[in-house]
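As structure tokens, the structure follows; a few thoughts come after it.
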Amino acid sequence: MANDFLDEDINFPHEDYSWALDIFNRAIKEGNTDRLILSENELVFVIDSYMDSDELDNALTACEPVYSRFPYDSDILFRYIDLLIILKMGNEALYLLKENSATLLLFPEMNLLYAGAYLCIGKFKEARDAVSEFETKDFLNLI
């Protein structure tokens with residue numbers, strides 16, 4: 001649902017990785033999610049499926065090992081940080097943002113993620129500053 005607009009690209013038809021979700025569900029029950037070998041696309045499908053069905057604990061269980069395997073994947077990182085913000089884990093979200101700040105400089109979403117993380121921990125001035133910085137950036141010159 002939240003990611004439906006990403007699936008509208010005619011060049012990239014929606015892939016059905018529901019079998020990967022079944023495998024991940026089984027791994028959660030058996031407690032061995034860290035030993036799964038799934039591709040980035042399959043794992044993103046698993047995370048999105050959990051998010052779409054409001055299974056946020058399972059989404060977090062999926063994000064942690066996925067991020068450690070694919071720390072360079074900005075889609076996974078954004079999903080992980082978004083989830084931490086949704087779960088009101090602002091300090092953890094801020095840690096990931098700061099840890100990856102050099103990589104995220106080109107993404108306008110970075111300031112909005114900072115704002116959300118700051119809101120989670122009650123730092124309203126910092127959240128306002130992050131939004132203000134977002135509004136003043138000229139992202140066309142970053143490309």
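This structure is a prediction, so every number in the text was calculated from the model and none was measured.
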Q. Looking at CG of Leu77 and CG of Asp82, how far apart are the two atoms once the value is rounded to the nearest 0.5 Å?
A. 9.5 Å

**Q.** Lys29: partners by salt bridge (Lys or Arg N to Asp or Glu O under 4.0 Å), with sequence neighbours left out
**A.** none

For residues 117-125, which side-chain N or O atoms pair as donor and acceptor with protein atoms under 3.5 Å away, sequence neighbours left out?
from, atom 1, to, atom 2, distance (Å)
Lys125, NZ, Asp129, OD2, 2.8

Q: Check for a donor-acceptor pair, side chain of Glu30 on one end and backbone N or O of Ala27 on the other, with a separation under 3.5 Å.
A: no

Q. Hey, does Leu56 have a side-chain heavy atom less than 4.5 Å from the side chain of Leu87?
A. yes

Q) Less than 4.5 Å apart, any side-chain heavy atom of Tyr114 and any of Leu104? A) no

Q: State the CZ-CG distance between Arg26 and Leu21, to the nearest 0.5 angstrom.
A: 11.0 Å

Q: Could you tell me the separation between the CD1 atom of Ile23 and the CD1 atom of Ile28, rounded to the nearest 0.5 Å?
A: 12.5 Å

(Q) Hydrophobic cluster membership, with links at side-chain heavy-atom distances under 4.5 Å among I/L/V/M/F/W/Y: are Trp19 and Phe45 in one? (A) yes

Q. Side chains of Leu43 and Arg69: closer than 4.5 Å at any heavy-atom pair?
A. yes

Q. Looking at side-chain heavy atoms only, is the closest gap between Tyr17 and Val46 below 4.5 Å?
A. no

What pairs of donor and acceptor atoms, side-chain ones from residues 58-65 against any protein atom, are under 3.5 angstrom apart with sequence neighbours left out?
from, atom 1, to, atom 2, distance (Å)
Asn58, ND2, Glu55, OE1, 3.0
Thr61, OG1, Asp57, O, 2.9

(Q) Within this structure, what is the CZ-CD1 distance for the pair Arg79 and Ile47, rounded to the nearest 0.5 Å? (A) 7.0 Å

Q.
Within this structure, what is the CZ-CG distance for the pair Phe134 and Leu112, rounded to the nearest 0.5 Å?
A. 4.5 Å

Q) Are any non-hydrogen side-chain atoms of Tyr72 and Glu40 less than 4.5 angstrom apart? A) yes

Q: With side-chain contact (heavy atoms from CB on, under 4.5 Å) as the test, would you mind laying out the steps for Ile86 and Met51 before giving the verdict?
A: CA-CA 10 Å; Ile86 290 167; Met51 294 290 290; 3.7 Å; yes

Q | Intermediate values then yes/no, side-chain contact (heavy atoms from CB on, under 4.5 Å), Tyr50 and Asn25 | A | CA-CA 10 Å; Tyr50 286 139; Asn25 282 329; 2.5 Å; yes

Q. Strictly under 6.0 Å, is that where the ring centroids of Phe107 and Phe78 end up?
A. yes

Q | Ser39-Asn41 side chain donor-acceptor pair, cut-off 3.5 Å | A | no

**Q.** Nearest-0.5 Å distance, CG of residue Leu96 to OH of residue Tyr67
**A.** 5.0 Å

Q: Heavy atoms only: give me the nearest Ala115-Val131 pair and the separation to one decimal.
A: CB-CG2, 3.6 Å

(Q) Between Asp73 and Ile76 (side chain of the first, backbone of the second, donor and acceptor by atom type, cut-off under 3.5 Å), is there such a pair? (A) yes

